[in-house]
Amino acid sequence: MLQAEKTRGPQPSTAYGDDSGSGGVSEIINFALGLLRRQYLVIILTAAFAITSCAIYLRITPPTYTARVQVLLANPRAQFVQQQSILSEPAFDHNQIETQIQLLKSSALATSVINQLNLVNDPDFSGSVSSLASLWRGPRTWNSTLPEPSKAGTPATLPDTVIAAFQDRLSANRVGVSSILEISFNSSNAERAAEIANAVAKAYISEQINAKFEANRTATSWLQDRLRDLGDQALNAERAVNQYKSQNNIVSPEGKSIDEQQVTELNNRLMAARAQLTEASARLNQYDAILRTNPANLSSMGTLDAVGSDVTSNPIINGLRQQYLELTRRESEYSARFGPNHQAVLTLRNRMRDLRSSIFEEVRRLAENTRNDLEVAKQRQQQIEKQLAEAVVQSRTTDAAELTIRELENRAKGLRSLSDMFQQRYIGSKQQESFPISETRIVQPASPPQSKSKPKSKIVMALGLIGGIGFGIMLGLLRELMDRVFRTSAQIEAELGLPCLALVPELVVPQSPMRRAKSRSTDGDPGQRTIARDSAVHRAVIDRPLSRFAEAIRSIKLAIDLNATKTSNQVIGITSALPNEGKTTIAASLAQLVGHGGKSVIIVDCDLRNPSLSSSLAPSAAAGIIEVTNGTQSIEETVWRDATTNLAFLPAVRRNDLLHSSELLSTDSMHKLFDRLRASYDYVIVDLPP
């Protein structure tokens, strides 16, 4: 047997190693199902305990109602107050929203609302309401004292526990990414929760108005002082400009300095004088050209018109020319009538010569007048040029003073403009101070909630059920880990490194008195050594061939038959680690199954100290394996048989306590006995000691 075990040992181990690698999810599922099957009572009890605890919690915990009010932080102003604000007002960002939330949760705002609504004696804050939260806050409130009575005009000092309880019930959150804040307050009374939530929102808006009013008043006071300083500075700057002008004799009418105006005027006069001088010189040249001609020449009269308007507009010359023209006409007429040498014609010609001389004398007089005008124009031009040179020199000397004056004037204008701007801001600030308005308003006031916000009965019970089941599974898993019993085939294979042939279920077959009497009545004569049939356990594989027990025994037989090292006659020993583990039942059932299949099989009871199989199958046996090995009895005289399955049984009769049973099993006579059994039977099933 040892040699055969050594020969076949590695093969099942290798096969097991191949199969174990493909276990995976199926093994986990089987383990989970087995865990639930074995530990379902623990899981059910834990879940029931958790649900009961949740029900008790819901029973003793007072309901909490949550009232919500929404506040808008960016309220558009009315048209009649849309003025330029003296304070910077950027758009709200995430940091400013968080700042407003912290202001809502501040102790100052909580104190204001508590004093306004007289919440010091409220059960939610005094700890008189029986709840887990109040029990938790109980030790902290033992050292706190009630607020001392306020003196005349002094508000009472609130304990920190009341403020902390108020802040614990107050929460503020931003609605999405908008500028709307949602203020929530928890209370055991729905109406009280809505009242406190609205009071918090109103107190926050009032605080915003007061803060803006104080800011406007502070800014107005600062503007007033600054405006006074700017007015004084502007006035002093203007006085400095006038004083500097007086010191440097600088007068600037119509925005220009006196020197600049004088130079401009002299330039204009000089240009006019030069134009007049040029005109007089040209006219004198024309007069001289006329006077250089011979007055007796008739063609010289035609040059008078080229002189200009001075000659043509002279009444004397015009009168003389009219007479000359009349005489010329008469001279032409007389010449044609009387001839060119007639005395009348000659007389007319003399008179015409006299008129030409008179005209030329008048022209000479005009030339002299023009020459006098030319001299006057030259003197005027020289005088204007002299005055212009003096004015230019004076202007150059006053350039530095003008730069200083310009700087002083710019400073005075800047201070005056700044003073005017601050004057406008001051007026706007005074108007805003007289009409303070906050950019925050209530969008949706709080109303008493219709249902409690916590504890949520369905959620608490669902969490209790899930938690109880989870904790029960954890306890069951802990029990599995602490359990030293093999529950699955995988545990056995992992521990031993060998394949598990079958898992034999526990077999409990009650045997009724009628069955026992019937089996005894069918037993043959004790002298015929027929196996007793009153043991239903040992015959379960025959009586119930389709049961799980029979399938497990059949798996063992198939493993024996399909063994690669099997021989023609096989000896199978059945043993166990400890007594009372079922090895005798397995051995008897395996022998019954083999015999029922038509094979010759014998079962040998080798448990010499506790021959339970012999007491069950052959209770009246007088001789057994010990007598056969001693030689006092033969095998044929000690073997018992089952008429149904043709099963042979070699019992062991216990006469006294055997101290050396292992030595008896290893004797030569025992070896010879099994050699004979191998030769006589196809299968030899041995019930070994544990």
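In this structure the side chain of Val504 reaches within 4.5 angstrom of the side chain of Phe549, judged on heavy atoms. Contact annotation: the side chain of Arg174 approaches that of Leu181 to within less than 4.5 Å [non-hydrogen atoms, C-beta and beyond]. Looking at heavy atoms from C-beta onward, Lys583 lies in side-chain contact with Asp607 at the 4.5 angstrom threshold. The closest side-chain heavy-atom distance from Pro579 to Asn610 is not below 4.5 Å. You'll find the side chain of Arg192 reaches within 4.5 Å of the side chain of Leu119, heavy atoms only. Side-chain atoms of Asp642 and Gln592, non-hydrogen and from C-beta on, do get closer than 4.5 Å to each other. Looking at Met670 and Ile625, their side chains come closer than 4.5 Å, going by heavy atoms from C-beta outward. Put simply, the side chain of Pro690 does not reach to within 4.5 Å of the side chain of Leu578, judged on heavy atoms.
To the nearest 0.5 angstrom, Ile492 atom CD1 is 10.0 Å from Leu501 atom CG. For the atom pair Phe649 CZ and Thr638 OG1, the distance stands at 10.0 Å (nearest 0.5 Å). We find the CG-CD1 distance between Leu36 and Ile43 to be 5.0 Å, quoted to the nearest 0.5 Å. Between the CG atom of Leu593 and the OG atom of Ser589 there is a distance of 8.5 Å, given to the nearest 0.5 Å. Distance check: His596 NE2 to Asn646 CG gives 11.5 Å after rounding to the nearest 0.5 Å. With values rounded to the nearest 0.5 angstrom, Asp687 atom CG is found 11.5 Å from Leu650 atom CG.
Listed by first and then second residue, the ring-ring contact (aromatic ring centres under 6.0 Å, His included) pairs that reach into residues 158-180 are Phe125-Phe166, Phe166-Phe185, sequence neighbours excluded.
Around the CG atom of Asp160, the shell of radius 6.0 Å holds no more than 12 heavy atoms that belong to other residues, nucleotides or ligands. More than 12 heavy atoms of other residues, nucleotides or ligands sit less than 6.0 Å from atom CZ of Phe674. Other residues, nucleotides and ligands contribute over 12 non-hydrogen atoms within 6.0 Å of the NZ atom of Lys105.
Residue Ala193 comes nearest to Ser187 through the heavy atom pair CB-CB, 3.7 Å, listed as atom of the first residue, atom of the second, then distance. Lys599 approaches Tyr683 most closely through the heavy-atom pair CG-CE1, 3.9 Å. Taking each heavy atom of Tyr681 and Arg641 in turn, the nearest pair found is OH-NH2, 3.4 Å. For the pair Ala55 and Met461, the tightest heavy-atom approach, listed with the atom from each and the gap, is N-SD, 4.2 Å. The nearest pair of heavy atoms linking Glu581 to Ser576 is OE1-CB, 3.4 Å. Across every non-hydrogen atom of Ala621 and Val653, the tightest pair is O-CG2, 3.6 Å.
Applying the ring-ring contact (aromatic ring centres under 6.0 Å, His included) test to Tyr204 and every residue at least two apart in sequence or in another chain returns nothing.
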Legend entry - Stepwise side chain to side chain contact (heavy atoms under 4.5 Å, CB included) test for Ile586 and Ile553: CA-CA 7 Å; Ile586 298 297; Ile553 302 301; 3.8 Å; yes
Inset, instruction - For side chain to side chain contact (heavy atoms under 4.5 Å, CB included), just list the numbers for Lys202 and Ile442, CA-CA rounded to whole Å, side-chain angles, deciding distance to a tenth of an Å, and then say yes or no. - result: CA-CA 8 Å; Lys202 293 179 181 178; Ile442 297 177; 4.2 Å; yes
Inset, instruction - In sequence, state the C-alpha distance, the side-chain angles, and the governing distance for Leu109 and Leu104, and then conclude on side chain to side chain contact (heavy atoms under 4.5 Å, CB included). - result: CA-CA 7 Å; Leu109 188 64; Leu104 279 169; 4.0 Å; yes
Inset, instruction - Kindly determine whether Leu170 and Ile196 satisfy side chain to side chain contact (heavy atoms under 4.5 Å, CB included), including the steps that lead there. - result: CA-CA 10 Å; Leu170 178 66; Ile196 295 176; over 6 Å; no
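Within the 3.5 Å criterion, the main-chain N or O of Val594 finds no donor-acceptor partner in the side chain of Lys557. Of the possible polar contacts, none joining the Arg548 side chain to the Ala552 backbone as a donor-acceptor pair under 3.5 Å is found. Without hydrogens or angle criteria, Thr575 side chain to Pro689 main chain gives a donor-acceptor distance under 3.5 Å. Remark: side-chain polar atoms of Asp605 are paired, donor with acceptor, to backbone N or O of Ser614 under 3.5 angstrom. Remark: the backbone N or O of Leu72 is not paired with any side-chain donor or acceptor of Ser179 at under 3.5 angstrom. For the pair Ser616 (side chain) and Leu613 (backbone), a donor-acceptor distance under 3.5 Å is absent. Remark: the backbone N or O of Leu103 is paired with a side-chain donor or acceptor of Ser106 at under 3.5 angstrom. In terms of modelled atom types and a separation under 3.5 Å, the side chain of Asn173 and the main chain of Glu182 share no donor-acceptor contact.
Using a 4.0 Å cut-off between a side-chain N of Lys or Arg and a carboxylate O of Asp or Glu, Glu551 and Arg554 qualify as a salt bridge.
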